[in-house]
Amino acid sequence: MLLAMLHEKEASGNRRVIRWGMWAAVLSYIAYGFLDYFLLPDTAMSSILTRTLVGVSFLTMIEICIRTGASQQLLHLVSATAIVTGGVAWLLVAVHSVHQVALSYFMVFGITFILGSNLFFNFRFLLSFIASATITVTFCVAIMQYLQIGLPGRIALTVFFVNSLVLSLYLSWRLGLERYHTFVHSLQAKIQEKVAIENGQKLHEIANTDPLTGLRNRRAIAREFMEMRKSWASGEQQIGVILADVDYFKRFNDRLGHQAGDDCLVQLAEAFSKTADRFGALAGRHGGEEFIFLCKVRDEEHLAEISEELCDVVKRLGIEHPDRGDGLHVITISVGASISRAETSLELSALLQEADRALYSSKFIGRATFTIFDPDNNDSDFSTQNLSVLLKEAQARDLVSTVYQPIKDMETGEITGFETLMRLCDFDGSVISPNVFIPEAERTGAIVELGYWVIERAVRDISALKSDGVISVNVSGIQLKAPGFPLRVAEIIAREGLPARRLALEITEGIDIFLESQALKSVEELRSFGVQIWLDDFGTGFAGLAWLREIEFDLVKIDKGFLQDCQSENGVLMLQDMVKLLHNRGVHVLVEGVESEEQLQLLERLEVNLAQGFWIGRPSPLESYEKAAAAEPATKKPVQARAKSKARAAAQRRAAAKVG
Ligand code: C2E
Ligand code: CA
Ligand code: CA
């Protein structure tokens with residue numbers, strides 16, 4: 001089959017070569033008539049005539065074949081016949097010459113020319129063999145039968161001719177083989193290249209698309225945003241970020257099942273994708289029932305137009321929702337959007353946070369609508385009033401909960417700690433982002449009580465896990481300033497019997513701690529109790545370096561933005577410098593936001609102490625860790641393995657002590 005493919009491939013490129021080869025061969029064949037004239041003058045007239053006749057006839061034949069699109073096989077057959085006929089016809093005339101010695105030399109020249117031509121045309125081996133053998137045999141017979149030179153001369157010529165035949169056949173066979181191998185190798189290379197391209201495309205697709213809806217995932221959206229940002233500085237247009245959340249989706253799922261839920265999301269994704277295309281926007285899935293759009297817009301009005309169209313498109317789909325509980329019976333979305341502003345720096349996280357808050361407003365207005373984030377009118381809107389009511393009742397109505405995100409020790413590879421993250425549910429069960437409710441809780445002061453609740457819950461949960469890791473809890477400046485905060489914390493850990501070093505409080509650069517002497521005092525007091533103090537989101541504020549001078553941190557968490565920037569070489573250098581600086585100051589370094597194996601490997605190379613991020617583990621409720629812990633002893637390990645896990649536990653303790 002491969003051979004057939006090779007012949008087919010050669011057929012397409014060979015026709016021109018055969019045509020011009022034949023022209024060259026025939027013209028030289030006729031031109032060598034002048035040698036007839038000098039060497040064999042007595043038969044020259046006849047042989048020149050023969051040459052011309054044979055040459056012209058075969059050229060005509062070849063031209064006809066080419067013009068009528070004859071197969072390559074036929075072209076080869078005509079060419080081989082031409083060569084044989086040319087040689088034999090000339091010989092039949094020339095043997096009658098009286099100049100027999102000259103003729104014998106001429107025959108040597110003739111056979112070399114003929115066998116060479118045979119090679120030139122790349123005939124298939126069998127044809128080459130028949131043509132070359134016929135010529136050689138004819139010439140040998142002529143030598144033996146007609147040539148009037150001595151016997152040694154005849155023998156020498158015959159041996160030479162036979163040798164030439166063998167050599168030319170060997171060359172023809174080798175050339176054929178070589179062509180075959182080259183063809184097979186090029187075929188293999190092509191196949192490998194195709195597979196590599198396909199694999200690469202597949203990997204790229206997997207890494208950048210949401211498997212359910214086929215839309216871009218968050219990672220792809222973040223990358224697109226970076227691209228947009230590059231052109232934003234120079235362009236006149238602004239960047240708009242739109243978040244769309246499916247209203248009452250949890251109820252839809254509960255009532256109709258997850259398959260119906262998935263089908264609904266796929267249908268929405270298709271509609272979103274088309275609408276986004278119409279507006280030159282990009283659509284992506286942000287997670288769960290939340291979608292995200294990036295667009296270039298002229299102004300807020302333009303952004304509002306797109307947001308409104310997204311809401312309308314979903315309504316027009318008319319997907320039935322049997323259990324909304326608000327009088328409507330179809331699926332709708334709530335939309336929040338935010339637009340880049342010249343006076344603020346352009347970060348996706350900041351725009352998302354604003355869009356999130358606008359989305360929250362849409363939900364409180366009654367859903368199925370859109371809100372554009374208004375930086376000047378944020379506190380007074382209806383939604384924040386409702387949020388503050390929600391926050392007040394959160395604890396009593398069991399709307400607040402905690403999830404835990406694992407922290408990995410890069411040296412041992414073990415999970416040596418967890419960060420506590422607060423979660424808040426709306427009255428209808430939908431989840432509200434901490435980016436929305438934490439600022440409001442801080443504004444109203446609700447964060448103080450909620451904060452105690454979170455610390456207590458976290459301390460109790462880590463004790464229940466029987467893990468010897470560290471538990472970290474985020475605290476805001478408002479909490480640090482609250483009178484008696486350190487004592488209350490000390491009381492909680494004493495009650496649960498947790499060693500103080502195993503609690504870490506994360507404070508962010510966002511608060512201006514030097515202006516808040518009470519907060520600074522609290523930090524010092526907590527440290528004196530043995531509680532760890534971690535600096536969160538390092539690198540996002542301006543105070544970071546000054547803080548490092550004033551406060552002795554047990555650990556510094558480098559903000560995830562720096563790891564995200566590591567796609568460029570400059571980004572890597574920046575992160576490397578930060579890690580070095582922190583290590584020089586003797587602080588442990590944790591890098592947040594690890595979302596891939598490559599990022600984890602980079603952190604290993606940079607000798608970062610700890611890492612955290614979705615790749616290592618998503619924030620999950622306590623139960624999922626309990627289940628994992630319960631599953632471990634169930635898998636009965638052999639004694640040796642148990643000895644190993646003891647060693648691992650020791651390593652874990654050492655690592656925890658290091659964190660501590
Ligand atoms: P944070 O302290 O920087 O928390 C990390 C945030 O990044 C969490 O978002 C977490 O879910 C997210 N995250 C973790 N790994 C990855 C990753 O690999 N990629 C990406 N893109 N994100 C990742 P979350 O839970 O939405 O919390 C947002 C912020 O809310 C927190 O930022 C923290 O500042 C605040 N917060 C959360 N819980 C509490 C709390 O109990 N008290 C206070 N005061 N603030 C809290
Ligand atoms: Ca944190
Ligand atoms: Ca952080």
Side-chain angles (χ1 to χ4, degrees), residues 217-223 225 286-288 290 292 347-350 352-353 356-357 391 394-395 400-408 417-424 431-443 445-459 461 470-482 485 504-511 519 532-541 544 555-564 566 589-600 603 610-621:
N217 59 16
R218 284 165 62 145
R219 178 208 298 262
I221 286 287
R223 199 166 296 151
F225 181 83
H286 197 48
E290 209 165 79
I292 181 170
E347 292 298 333
L348 180 60
S349 56
L352 271 174
Q353 210 164 322
D356 220 348
R357 296 177 77 162
L391 283 167
Q395 255 172 280
V400 61
S401 60
T402 52
V403 287
Y404 301 97
Q405 188 174 30
I407 296 173
K408 186 187 181 99
F418 299 91
E419 175 177 6
T420 314
L421 293 158
M422 202 190 320
R423 293 291 175 260
L424 181 70
V431 178
I432 305 169
S433 161
N435 294 327
V436 173
F437 75 79
I438 299 281
E440 184 58 15
E442 287 175 344
R443 198 184 66 85
I447 192 73
V448 177
E449 278 313 308
L450 281 174
Y452 288 132
W453 181 88
V454 170
I455 296 173
E456 201 167 339
R457 170 49 74 84
V459 165
D461 282 353
V470 172
I471 187 88
S472 79
V473 180
N474 293 286
V475 292
S476 55
I478 313 286
Q479 289 170 270
L480 290 174
K481 276 192 296 181
F485 179 75
L505 297 182
E506 296 190 14
I507 55 178
T508 60
E509 284 186 22
I511 35 175
Q532 294 194 42
I533 303 294
W534 291 4
L535 177 56
D536 199 2
D537 301 337
F538 180 71
T540 52
L555 181 138
V556 169
K557 296 179 100 173
I558 297 182
D559 187 69
K560 49 182 168 284
F562 292 94
L563 186 56
Q564 279 158 8
C566 280
V589 177
L590 182 153
V591 175
E592 294 184 297
V594 181
E595 292 183 353
S596 68
E597 181 61 35
E598 296 83 65
Q599 288 180 331
L600 196 64
L603 298 190
L610 298 151
Q612 189 183 347
F614 293 162
W615 183 256
I616 295 161
R618 288 190 175 256
S620 314

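Remember, it's 1-based here, ligands and their atoms both numbered in the order they're listed.
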Chemist: For atom 29 (C) of ligand 1, which candidate among Val400, Val473, Asn435, Thr508 provides the closest heavy atom?
Modeler: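 Checking each option, the heavy atom nearest atom 29 (C) of ligand 1 is found in Asn435.
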Chemist: Under 3.5 Å between any N/O of Gln564 and any N/O of ligand 1: does that happen in this structure?
Modeler: no
Chemist: Quick test: of every protein heavy atom, which one is nearest to atom 11 (O) of ligand 1, and how far off is it to 0.1 Å?
Modeler: Pro619 CG, 3.5 Å
Chemist: Answer with side chain, backbone, both or neither: which part of Arg618 has a heavy atom less than 4.0 angstrom from an atom of ligand 1?
Modeler: neither
Chemist: Check each atom of ligand 1 against the heavy atoms of Glu592 and keep those under 4.0 Å away; list them by number with element.
Modeler: 3 (O)
Chemist: Taking non-hydrogen atoms only, is Arg423 closer than 4.0 angstrom to ligand 1 via side chain, backbone, both or neither?
Modeler: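 The answer is the side chain of Arg423.
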Chemist: Short list, please: which atoms of ligand 1 are under 4.0 Å from a heavy atom of Asp537?
Modeler: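 The list of qualifying atoms is 3 (O).
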Chemist: Please work out whether any backbone atom (N, CA, C, O) or any side-chain heavy atom from C-beta onward of Lys557 is under 4.0 Å from ligand 1, and answer side chain, backbone, both or neither.
Modeler: neither
Chemist: Quick one: does Val454 get an N or O within less than 3.5 Å of an N or O on ligand 1?
Modeler: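 Between Val454 and ligand 1, no N or O pair is found under 3.5 Å apart.
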Chemist: Does Leu421 reach the side chain of Glu419, with side-chain heavy atoms less than 4.5 Å apart?
Modeler: yes
Chemist: Between Glu506 and the Ca ion (ligand 3), is there a contact where an N/O/S atom of the residue lies under 3.0 Å from the metal?
Modeler: no
Chemist: Identify which of Arg219, Gln405, Glu595 has a heavy atom lying nearest to atom 20 (C) of ligand 1.
Modeler: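 It is Glu595 whose heavy atom sits nearest to atom 20 (C) of ligand 1.
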Chemist: Can you confirm if the aromatic rings of Tyr452 and Phe485 lie within a centre distance of less than 6.0 Å?
Modeler: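 They qualify: ring centres under 6.0 Å apart.
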Chemist: Among all the protein's non-hydrogen atoms, which is closest to atom 42 (N) of ligand 1, and how far away is it?
Modeler: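 I find the closest protein heavy atom is Asn474 O, 3.2 Å.
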Chemist: Is the shortest side-chain N to carboxylate O distance from Lys557 to Glu506 below 4.0 Å?
Modeler: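 Result for this pair is yes, salt bridge flagged.
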Chemist: By atom name, which N, O or S atom belonging to Glu419 lies closest to the Ca ion (ligand 2)?
Modeler: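 Output for this pair reads OE2.
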Chemist: Under a 4.0 angstrom heavy-atom cut-off, which atoms of ligand 1 come close to Glu419?
Modeler: 2 (O), 4 (O)
Chemist: Evaluating non-hydrogen atoms only, which member of Asp536, Ile447, Leu421 is closest to atom 31 (C) of ligand 1?
Modeler: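 Among Asp536, Ile447, Leu421, the closest heavy atom to atom 31 (C) of ligand 1 belongs to Leu421.
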Chemist: Could you check atom 12 (C) of ligand 1 against the protein and tell me its nearest heavy-atom contact, residue, atom and distance included?
Modeler: Lys560 NZ, 4.0 Å
Chemist: Are Asp356 and Ser433 close enough that a side-chain donor and a side-chain acceptor fall under 3.5 Å?
Modeler: yes
Chemist: Would you mind checking which non-hydrogen protein atom is closest to atom 16 (C) of ligand 1, with the distance to 0.1 Å?
Modeler: Phe614 CE2, 3.3 Å
Chemist: Checking a contact table here: which protein heavy atom is nearest atom 40 (C) of ligand 1, and how many Å away?
Modeler: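 Residue, atom and distance for the closest contact: Met422 CE, 3.6 Å.
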Chemist: Who's the nearest protein heavy-atom neighbour of atom 35 (C) of ligand 1, and how far?
Modeler: Ile438 CG1, 4.2 Å
Chemist: Looking only at side chains, do Glu597 and Trp615 share a donor and an acceptor under 3.5 Å apart?
Modeler: yes
Chemist: Around atom 30 (O) of ligand 1, find the nearest protein heavy atom and jot down its residue, atom name and distance.
Modeler: Pro434 CB, 3.4 Å
Chemist: Testing the basics here: between Leu391 and Ala446, what is the closest heavy-atom pair and its distance to 0.1 Å?
Modeler: CB-CB, 4.2 Å
Chemist: Between the Ca ion (ligand 2) and Asp536, is there an N, O or S atom separated by less than 3.0 Å?
Modeler: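 Within the cut-off used here (under 3.0 Å), Asp536 does place an N, O or S atom near the Ca ion (ligand 2).
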Chemist: Is there a heavy atom in Gly593 that sits closer than 4.0 Å to ligand 1?
Modeler: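 Yes, Gly593 has a heavy atom closer than 4.0 Å to ligand 1.
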Chemist: With a 4.0 Å heavy-atom cut-off (strictly under), which part of Arg218 contacts ligand 1: side chain, backbone, both or neither?
Modeler: side chain
Chemist: N/O/S atom of Thr508 under 3.0 Å from the Ca ion (ligand 2), yes or no?
Modeler: no
